[in-house]
A.B. asks: 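Sending over a structure as structure tokens; questions will come in a sec.
Computed from heavy atoms alone, side chains included, the values below leave out hydrogens, waters and symmetry copies.
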Amino acid sequence: MSSADQPYIDPSEIALEGSAAQRFKNRSDAFWTGIRDAAGAPAMVLFAGMVGFGAMGKTNGVDAWFTGATSFLMFALPGQVVLLEMAITGSSVLAIILAVSLTSTRFITMTVTLFPQFHEKDRNHRLYASVHLLAMTAWAISMREFQTMEAKHRLSYFVGLGLLCWLISIPGTILGYFLAGMVPAAITLGLVFINPLFFLLTFTEVKPWINRIAIGLGFVLGPFFFILDRDTSLLTTGLVAGTAAYFFDRKVLRKKAGVIS
């Protein structure tokens, strides 16, 4: 049977094992479990990244209110860094909007892969408020953990997970701002990259092999595209590695699994 002939399967309706289906007693239990899961490594890593960003703002002469507001209103470290750098160099508002929007296109794929896994009753206009809590860390952990819980508990778990990550980013930014100058510049920049590294390590635990293939290809192709053109290397690496992993999954892995005849 070809992929075109297969009936649509709602991600939220995929059957779970009995032990997984009984993981939470109610939505409140799922919410506080999300809080507890975020309170460990995810929150610490995100906090460290925001400390580095706050220090960047101070060393580049940006005031504390603007630096802190980006964490509160944007909550997207790559976009915040781009906004900060372009504002410092005096770029036009239109150019800044375009650049920040391009760095945020990853949220489209993150949204369309994560939110369909919520229970059908939770997929309504109220989800717009939850989108602000979507970040690389919360998405990767949710993609891994959603397969171990019932669909009706997934939104509560995600909100608990994302809410703490968002709230911890604000004091992290402020702390980094006032600690600037006390920490070497190399360590400051290193803190900014801790969060993407944690995301990669978390994402490798997601079961589908296509994710690991895409990450592996990215590591191999990244330096090559950086040498060709450093300004577009990140975008090109993601596009090429992701596309290659997709077609490898469609043409090879799924055939072995008997999905595509």
Side-chain angles (χ1 to χ4, degrees), residues 31 34-91 93 95-108 110-111 114 127-142 158-203 234:
F31 172 81
I35 291 284
R36 288 192 294 272
D37 287 354
M44 289 188 292
V45 167
L46 185 59
F47 185 85
M50 288 302 179
V51 167
F53 173 74
M56 284 181 59
K58 177 65 177 293
T59 54
N60 286 284
V62 181
D63 65 73
W65 286 105
F66 181 86
T67 306
T70 60
S71 293
F72 180 78
L73 298 174
M74 292 179 63
F75 187 44
L77 191 53
Q80 291 173 236
V81 172
V82 170
L83 172 63
L84 192 66
E85 289 183 344
M86 296 189 70
I88 294 169
T89 57
S91 301
V93 174
I96 293 175
I97 293 175
L98 180 60
V100 173
S101 298
L102 286 174
T103 65
S104 300
T105 53
R106 67 188 186 283
F107 288 113
I108 297 175
M110 291 164 66
T111 301
L114 185 70
L127 278 181
Y128 286 109
S130 303
V131 171
H132 186 61
L133 304 178
L134 186 63
M136 291 190 299
T137 303
W139 176 77
I141 294 175
S142 295
F158 169 76
V159 171
L161 179 70
L163 183 62
L164 182 61
C165 289
W166 175 50
L167 293 177
I168 203 69
S169 69
I170 301 166
T173 304
I174 296 173
L175 178 63
Y177 189 91
F178 289 105
L179 286 179
M182 301 173 63
V183 180
I187 295 179
T188 299
L189 292 175
L191 290 174
V192 174
F193 286 97
I194 286 180
N195 191 44
L197 180 60
F198 178 79
F199 158 75
L200 286 176
L201 295 176
T202 302
F203 197 47
L234 186 61

A.B. asks: How long is the span from the CE atom in M50 to the SG atom in C165, to the nearest 0.5 Å?
C.D. replies: 10.0 Å
A.B. asks: Closest approach of M86 and A99, non-hydrogen atoms and distance?
C.D. replies: SD-CB, 3.3 Å
A.B. asks: Would you mind reporting whether T137 and V45 have side-chain heavy atoms less than 4.5 Å apart?
C.D. replies: no
A.B. asks: Just verifying a value: how many Å separate T89 OG1 and N60 CG, rounded to the nearest 0.5 Å?
C.D. replies: 10.0 Å
A.B. asks: For a 4.5 angstrom cut-off between non-hydrogen side-chain atoms, does T70 reach L84?
C.D. replies: no
A.B. asks: Which value, rounded to the nearest 0.5 Å, describes the distance between L164 atom CG and L46 atom CG?
C.D. replies: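 Between atom CG of L164 and atom CG of L46 there are 9.0 Å.
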A.B. asks: So which pairs with a foot in residues 164-179 pass side chain to side chain donor-acceptor pair (under 3.5 Å), sequence neighbours left out?
C.D. replies: S71-T173, H132-W166
A.B. asks: Distance-only, no hydrogens or angles: does the D63 side chain make a donor-acceptor pair with backbone N or O of W65 under 3.5 Å?
C.D. replies: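 It does hold such a pair.
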A.B. asks: Looking at CG of L83 and CE of M74, how far apart are the two atoms once the value is rounded to the nearest 0.5 Å?
C.D. replies: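 Interatomic distance, L83 CG to M74 CE, rounded to 0.5 Å: 5.5 Å.
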A.B. asks: Please report the closest heavy-atom contact between S142 and A138, naming both atoms and the distance.
C.D. replies: OG-O, 2.7 Å
A.B. asks: What pair of heavy atoms forms the shortest contact from F53 to L77, and how long is it?
C.D. replies: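 Minimum heavy-atom contact is CB-CD1, 3.6 Å.
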A.B. asks: Does any non-hydrogen side-chain atom of V159 lie less than 4.5 Å from one of S130?
C.D. replies: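 In contact.
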A.B. asks: Of all residues at least two apart in sequence or in a different chain, which pass the side chain to side chain donor-acceptor pair (under 3.5 Å) check with T67?
C.D. replies: none
A.B. asks: List the atom of I35, the atom of G160, and the distance in Å for their closest heavy-atom pair.
C.D. replies: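 Heavy atoms of I35 and G160 come nearest at CD1-O, 3.2 Å.
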A.B. asks: Check the pair F31, L163 against side-chain contact (heavy atoms from CB on, under 4.5 Å), reporting the backbone distance first and the verdict last.
C.D. replies: CA-CA 10 Å; F31 172 81; L163 183 62; 4.2 Å; yes
A.B. asks: Is the closest side-chain heavy-atom distance between L175 and F47 below 4.5 Å?
C.D. replies: yes
A.B. asks: Please report the shortest heavy-atom distance between L133 and F75, naming the atom on each side.
C.D. replies: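 Smallest interatomic distance, heavy atoms only, reads O-CE2, 3.8 Å.
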